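Presented below is the structure to which this report refers.
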Amino acid sequence: MYASLTCHPPLGQTTVVPAHKQHVKLTVLIESSTDKEYTVALWSNYEDREKWTSLNLETIEQPSSLLWARGETRPGIHRKWFAIDLAGPPKHGGSVSFTITFRSAEGEPWKWANEQFSISDGHLIFHTASTLSDDLGNFIEGLPDDLKVQSERSETPDTSLWSLTSPVNAASGKESGYTNVTLGKPTNFSRWFALVRLWSPWLAPRQGRGKFQPDKEAIIAAFQREDGSNLAVLAVSGKNDVLTTLGHDGEGNIVINSRNDSDEDASAMLIVSVGHSLEFAFSAVMYHARKLIMKYETASGQIAAEEEALMKDFNPQWLQDWYDGLSYCTWNGIGQKLTEDKIFEALDSLKDNGVNISNLIIDDNWQSLNHEGGDQFENAMTEFEATKTGFPRGLKATVSDVRKNHPKLKHIAVWHALFGYWGGIAPEGKIADEYKTTIVRKKDGVSGGTMTVVAEEDVHRFYRDFYQFLSLAGVDSVKTDAQFFVDELDDATDRRKLIKAYQDAWSIAQLRSFYGKAISCMSQTPQIIFHSQLPSNKPRILLRNSDDFFPEVPASHPWHIFCNAHNAIFNQYLNILPDWDMFQTSHEWASFHAAARCVSGGPIYITDVPGKHDVNLINQMTGNTPRGDTVILRPHTVGKSTSAYNSYDDTVLLKVGTFVGMAHSGVSILGVFNCTQHPLTELIGLDQFPGAERGTYIIRSHISGQVSQPTSAESGDALVHLEIPVIGWDILSAFPFQSFKLERGEHGAEGPADISVANLGILGKMTGAAGIISSDAYVERDSGKLRVWTSLKVLGTYGIYISDLKKRSIEKDFIAVIFGRPISSHCVKINEHCENILEIDCIRAWKETDQHAGWSNEVAVEVIIR
């Protein structure tokens, strides 16, 4: 006999019940191959913290607002629904742990959900912290006496904020000063989340219950407290040449680990906040960190020197093409033995398959090196010009041919390492002859040993000349990799001379030559994060958000998405757009990666092998503008995990939230990914969609095209039933629902006066709502007609959800126009998946009305309903 059980709020997860909504309705669905009558009970410590008791659930009808994203019509399956109301917080004032038991007949033994389905207990935390204490000792016990604690004014509401400083010994000669101080033990928390230094260039998430004990040093940590509040601890680096991270002592205490590269005593700094939500707590520490860093760098003259250098010839440019154009990277698609002919072949293959890219990234192995092939860390850059082996005519000739043969291509970037190449600068090459160099010693490890680099005195001139060479060759953007090498330097003297010198030289040069069209890679090191990425006084650059896409490593793919989604919780506060790395559209995990890139809020790069392209998948990620450019449909906010405390090993779906438009009036998007090795089923509520806490919404599944009934966010009744297989995903979009009253005219209109609509944007796209640039819906005062006006980013199939479409006549009640010209009726029809969706083929309408792209690159569509 087959049976499965799904619960909302879910088992295996922690649900925080907001202070304004202490009532909890627990809903259970049992799906079985037999039509037996089930009895279901809630076992929990709701009534007594120290003792679990049982409460029976009542049988209910299927919720009217339920959306079956997939699996509704599975034959031979019987479904039973149950529910129970928990009227408020438990009397004991703590959190509630619970599981579900069930049986199919009286006298049969009860079955426990956690045993039957290998899932842990669920947890409810009722938010009871109405006010937040300003005494840090209430949140961290055992604070050391010599720690300086300063209460700060927070820029984030509903938070308390402190800055903490602790002395760090000065460096002695080449040896840095090190200090380890026990901060104390966080109190009254159930789970923790941290971003750790996976290794020098990359961050990665870690989660746990009970004791705080990450396996690597962290830069930020958060603790979910039993009263519903969240404690955030941020280690600040880069100020006074001090690197600070968070460790532990094995007993649950946080330990402050600091390294001082300065020859003077300095201080380690932490910023700590408590907030009613994790987002508030993170916002408080990150905003304060930015303020402190910019104040420090202004006082030390660093920002003034940088701005003065940029004022000479910096010319700001519109970067939307760079952010939103579909990009192709040569790395995995062409391989490491790079030649101009391979680049030509790859671009021709894309063109022949109808894939129009906007940006080309010529990755590693185009440069002239002293030892081509072999260990990359043994190779060093000899000159600016490309290698004669793969580019015998020089870089300029290659770039010129690419631009001539592919006129739609807007930007061409080349890869290079921060120190030139993985092995730095060749001591016998042209660069070493022209610029002063120095030999530096690196830490033991993957890249250990010594290497030659351009010295501090000449690094600005080196970057200026290098980027001038690239500009003259037709290159207008760069991907600068291996930036973590500044943190691999071992000697304190080299570190204080070169860490900031290289960051500033690169930042100024890429802004002067490429106006912000740059990708920063392998740069998630604390000194770079706080010095270069946190300040907001420059244009945003693209930042690699995690370790690489590894096409040949199956286990890497779900982890890659999980890691990026959690890193973004922190990186959303940096002055960057997160880059989730390239991927291949013909890969087994291709659609999984594609969906993740669409909800990331960052760029999309493909690295297909020539001839191996999934054009249908590419079309779900992109659209064509009236001018024929292919662009991605990028949401307005950075996509990030909505459940930071869920670990990679938890048997739950990863949910990545992002948004289009303004909160409570825009579209909330939830990417859902199965990162486990088992099929997963969940009930997801509207309350899990960020920014959809007020108003009425419909929810639509990209995979199935199915749409829920309109549901009020305040009611808490909206549920989406998801069955996600291994390597499975979906993208759910919650669209705001607007209601109007039409006036009866004299033109034979048949539809009812009351009407509600939702603007769906472009159908068939993973993030079709991001195709909406702006929109408006209103009833004309004179005619009484409803006008729905929308400006679209791309041509495509435009959709509007209409509450009672089947009661209306498309011929008599609707008029559709594109740029003010009527659209033929054969371009308008009812959607095949939902009888309430009116869809308009704007591509066909554009052609039939003989439209041409003018000064605007937008598509103006208007639907008039009477």
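We're numbering straight along the sequence, starting at 1. Being a predicted model, the structure only gives us computed values, none of them experimental.
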[X] side chain to [Y] side chain, donor-acceptor N/O pair below 3.5 angstrom:
{"X": "Gln483", "Y": "Ser520", "result": "yes"}
{"X": "Glu488", "Y": "Ser200", "result": "yes"}
{"X": "Glu372", "Y": "Thr389", "result": "yes"}
{"X": "Asp579", "Y": "Asn545", "result": "no"}
{"X": "Arg259", "Y": "Ser176", "result": "yes"}
{"X": "Asn240", "Y": "Tyr296", "result": "yes"}
{"X": "Asn567", "Y": "Ser546", "result": "no"}
{"X": "Trp322", "Y": "Tyr515", "result": "no"}
{"X": "Asn257", "Y": "Glu217", "result": "yes"}
{"X": "His557", "Y": "His593", "result": "yes"}

Side-chain heavy-atom pair [X], [Y] within 4.5 angstrom cut-off:
{"X": "Leu470", "Y": "Leu395", "value": "yes"}
{"X": "Ile220", "Y": "Phe193", "value": "no"}
{"X": "Arg206", "Y": "Leu198", "value": "yes"}
{"X": "Leu203", "Y": "Ile219", "value": "yes"}
{"X": "Leu347", "Y": "Val402", "value": "yes"}
{"X": "Thr480", "Y": "Ile519", "value": "no"}
{"X": "Asn332", "Y": "Gln584", "value": "yes"}
{"X": "Cys598", "Y": "Ile632", "value": "no"}

Test item: [X] side-chain N/O and [Y] main-chain N/O as donor-acceptor pair under 3.5 Å:
{"X": "Asn370", "Y": "Thr382", "result": "no"}
{"X": "His406", "Y": "Phe344", "result": "no"}
{"X": "Gln503", "Y": "Ile499", "result": "yes"}
{"X": "Arg290", "Y": "Leu534", "result": "yes"}
{"X": "Ser368", "Y": "Glu385", "result": "yes"}
{"X": "Thr607", "Y": "Cys329", "result": "yes"}
{"X": "His613", "Y": "Val355", "result": "no"}
{"X": "Asn405", "Y": "Asp401", "result": "yes"}
{"X": "Arg197", "Y": "Thr525", "result": "no"}
{"X": "Asp614", "Y": "Ile618", "result": "no"}

Option among Arg393, Glu340, Arg403 that satisfies the side chain to side chain donor-acceptor pair (under 3.5 Å) test with Thr398: Glu340
Short N-O contact, [X] and [Y], less than 4.0 angstrom:
{"X": "Glu434", "Y": "Arg461", "result": "yes"}
{"X": "Lys497", "Y": "Glu456", "result": "no"}
{"X": "Asp241", "Y": "Arg496", "result": "no"}
{"X": "Lys430", "Y": "Asp433", "result": "no"}

Pair His416-Tyr467, ring pair (Phe, Tyr, Trp, His ring centres under 6.0 Å): steps then yes or no: CA-CA 11 Å; His416 71 86; Tyr467 282 6; 5.6 Å; yes
Can you confirm if the aromatic rings of [Y] and [X] lie within a centre distance of less than 6.0 Å?
{"X": "Tyr648", "Y": "Trp559", "result": "yes"}
{"X": "Phe562", "Y": "His566", "result": "yes"}
{"X": "Tyr502", "Y": "Phe419", "result": "yes"}

[X] versus [Y], closest heavy-atom pair with distance:
{"X": "Ile541", "Y": "Ala518", "answer": "CB-O, 3.7 Å"}
{"X": "Ser327", "Y": "Asn359", "answer": "OG-ND2, 3.0 Å"}
{"X": "Ser349", "Y": "Pro610", "answer": "OG-C, 3.5 Å"}
{"X": "Phe592", "Y": "Pro558", "answer": "CE2-CA, 4.1 Å"}

For Lys443, the option from Asp494, Asp491, Asp487, Asp490 that meets salt bridge (Lys or Arg N to Asp or Glu O under 4.0 Å): Asp487
Greater than 12 external heavy atoms within 6.0 Å of [X]'s [atom1]:
{"X": "Lys479", "atom1": "NZ", "value": "yes"}
{"X": "Lys388", "atom1": "NZ", "value": "yes"}
{"X": "Lys410", "atom1": "NZ", "value": "yes"}

Six-ring centre of Tyr323, Arg540 cation under 6.0 angstrom, axis tolerance 45°: yes
CA sep, side-chain torsions, deciding dist, call: Asp608, His587, side-chain hydrogen bond (donor to acceptor under 3.5 Å, both in side chains): CA-CA 9 Å; Asp608 289 352; His587 195 275; over 6 Å; no
Parallel, tilted or perpendicular, as decided by the 30° and 60° cut-offs, for the rings of Tyr463 and Phe466: tilted
Evaluation steps, ring pair (Phe, Tyr, Trp, His ring centres under 6.0 Å), between Phe484 and Trp199: CA-CA 10 Å; Phe484 74 102; Trp199 63 294; 5.2 Å; yes
Test side-chain hydrogen bond (donor to acceptor under 3.5 Å, both in side chains) applied to Tyr421 and Asp364, step by step: CA-CA 9 Å; Tyr421 199 70; Asp364 198 351; 2.9 Å; yes
Worked check of ring pair (Phe, Tyr, Trp, His ring centres under 6.0 Å) between Trp415 and Trp422: CA-CA 11 Å; Trp415 176 100; Trp422 297 102; 5.7 Å; yes
Separation of Glu175 CD from Thr493 OG1 (nearest 0.5 Å): 10.0 Å
